[in-house]
Amino acid sequence: MLGILQYMFVQNALAALLLASVACGVVGSFVVVKRISYIAGGIAHISFGGIGLGYFLGLDPVIVAIPFSAGSAVGIGLLNRFSKLGEDIAIGMLWAMGMALGVLLIFLTPGYAPDLFSYLFGNVLAVPQSDLWVMLALDAVIVASAAAFFEHFKAVSFDETFAEVRGIGATSFYLFLLVLVALSVILLIKTIGVILVIAYLTIPAAIGRQFTHSLWRLMALSAALGAFFGLAGFAFSYFFDLPTGATIVMAMGAGFAAISLARRAVAPKPRAAAIRTA
Amino acid sequence: MKNGCAVSMQGVYAGYEGEDAIENVSMCIGDRRLLGIIGPNGGGKTTLLKVMLGLLEPSRGTVRVFGQEPKKSRGMTGYVPQQNTFDRDFPISAFETVLTGRLRQDRLFFPYSKDDRDAALDALSQVRMLGHKDRQIGELSGGQMQRVLIARALCANPRMLLLDEPTSSVDPDTQEFFYGLMGKLKSEMSIVLVTHDVGAVSEHVDELACINRRLFHHGGIEEGLEKLDQAYGCPVRLLTHHKPHRKAD
């Protein structure tokens with residue numbers, strides 16, 4: 001059974017899953033505690049426009065999608081903050097427009113786009129070595145940023161107004177965080193695809209936060225959970241010949257449901273909500 | 001500091017989306033005084049606070065906090081927001097919350113020094129919350145949370161403390177403790193307390209300001225209470241049965 005490990009594409013797939021789990025832990029934790037999963041989902045879908053642009057220009061779609069997604073993240077963040085549209089409306093519009101842009105650009109590109117499907121739903125078995133280096137570089141940027149500004153991100157995520165009064169540029173850190181979300185999306189794109197990527201950025205951290213009240217422990221735990229479900233989903237999909245990305249997402253979802261229900265059964269502790277109404 | 005004012009405002013108009021919530025407000029908030037700002041909901045109390053904090057630019061008029069623009073004087077201002085403005089489920093302990101009061105933009109990686117940690121612990125003990133320092137904030141009661149937020153504002157050694165509805169979700173014990181603490185702190189700093197709780201505040205502050213779009217009064221408490229009817233636009237039940245108010249000199 002371990003014989004499959006000798007295949008290069010399997011080794012690459014496992015490396016990709018482990019690299020993906022780092023971003024999933026660090027950025028996913030912020031997405032969950034700051035409750036920005038909707039905007040993160042928007043950024044993920046908009047990034048498909050960058051993939052289309054890459055095709056259209058005849059360049060590596062992943063590389064082109066990096067500045068495209070980071071720029072879109074800043075744009076959507078600014079629109080969210082300063083336009084008079086409701087937050088969800090701005091995101092909803094750009095969400096669909098990013099996808100539409102990708103479809104149009106791919107349509108206008110001569111020839112056939114063979115791996116289009118893998119950008120939408122991921123194909124971890126087809127991750128080339130070169131993409132692993134891109135993933136490693138993006139992970140390094142994400143981890144270094146989060147380490148340098150961990151306390152700032154935490155303070156701004158918790159109480160933006162107070163941080164602003166303390167002279168911490170809350171809007172800048174908000175946009176910075178959205179850029180990290182965009183980088184994570186690109187990092188995860190080949191593994192899980194733009195449509196499923198939001199699972200990586202929410203489910204492991206949503207499980208993790210049931211077990212810890214410390215943000216950095218939440219990151220470590222989410223990364224570990226991301227790796228576990230990634231590898232478990234991969235193994236399951238490999239042996240039962242199922243699409244890997246979708247299998248991983250279902251494994252994460254089932255894990256969340258099982259753990260939440262088990263915790264409720266074991267420790268029915270009254271939540272702090274009772275005090276809060278006072 | 002200009003004319004001994006911690007905060008001075010000259011003809012300030014401010015609000016949102018082109019509509020002023022406060023109009024032509026001019027006032028001087030004295031240093032080391034405990035000022036209560038009262039007024040009806042929607043009367044512009046929070047707007048006034050935001051202007052002092054530099055979170056909102058006035059559409060007209062000038063504001064100076066310790067002689068500087070509010071944005072530049074932020075290092076000297078401690079802010080205690082209303083409790084409903086953030087997520088109680090956030091994974092952060094009481095100690096970590098207080099520590100954010102020492103955070104600075106320009107320090108990367110491990111931004112807190114031993115001094116910062118000591119200051120946070122001191123502030124927690126000042127509000128008698130040292131025993132709860134490792135609790136996640138969602139596990140604290142409204143009164144305990146209030147103390148943590150005050151500690152967070154105090155640990156940066158501010159020269160002025162701005163509090164937004166500080167007693168709205170706290171138990172009577174905490175309220176008593178709170179006013180005791182404010183009484184002690186005012187020898188070291190200016191304190192501005194915004195509330196719609198007229199009764200409690202008028203017993204404990206040195207000065208009262210009534211605002212309902214315009215500033216109806218700023219000064220002594222007795223006169224302030226008289227002006228309340230005018231500010232609210234309807235008679236307010238005055239609390240004449242309380243012990244005599246301290247005279248604001």
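Hydrogens, waters and symmetry mates play no part in the numbers below; they use all other heavy atoms, side chains included. Within every chain, numbering begins at 1; the chains are lettered A, B, ... in the order of the sequence lines, protein sequences first and strands thereafter.
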pair [X]-[Y]: side-chain heavy atoms closer than 4.5 Å:
{"X": "I92(B)", "Y": "L215(A)", "value": "no"}
{"X": "P91(B)", "Y": "V33(A)", "value": "yes"}
{"X": "R166(A)", "Y": "R104(B)", "value": "yes"}
{"X": "E164(A)", "Y": "Y79(B)", "value": "no"}

I need the [X] [atom1] to [Y] [atom2] distance, nearest 0.5 Å.
{"X": "F109(B)", "Y": "F150(A)", "atom1": "CZ", "atom2": "CZ", "value": "13.0 Å"}
{"X": "F90(B)", "Y": "K34(A)", "atom1": "CZ", "atom2": "NZ", "value": "8.0 Å"}
{"X": "D116(B)", "Y": "E151(A)", "atom1": "CG", "atom2": "CD", "value": "10.5 Å"}

Checking heavy atoms, do the side chain of [X], its backbone, both or neither come under 4.5 Å from chain B?
{"X": "R35(A)", "answer": "side chain"}
{"X": "S157(A)", "answer": "both"}
{"X": "A163(A)", "answer": "neither"}
{"X": "F158(A)", "answer": "both"}

Contacting moiety of Y112(B), where chain A heavy atoms sit under 4.5 Å: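 Contact with chain A: side chain only.
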Heavy-atom distances under 4.5 Å only: say whether L149(B) touches chain A with side chain, backbone, both or neither.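 For L149(B), no heavy atom lies under 4.5 Å from chain A.
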With chain A, which of L55(B), L103(B), D171(B), T77(B) has the greatest number of heavy-atom pairs at distances under 4.5 Å?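 It is L103(B).
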Any ion pair linking R152(B) and D159(A) (charged N to carboxylate O, less than 4.0 Å)?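 Salt bridge present between D159(A) and R152(B).
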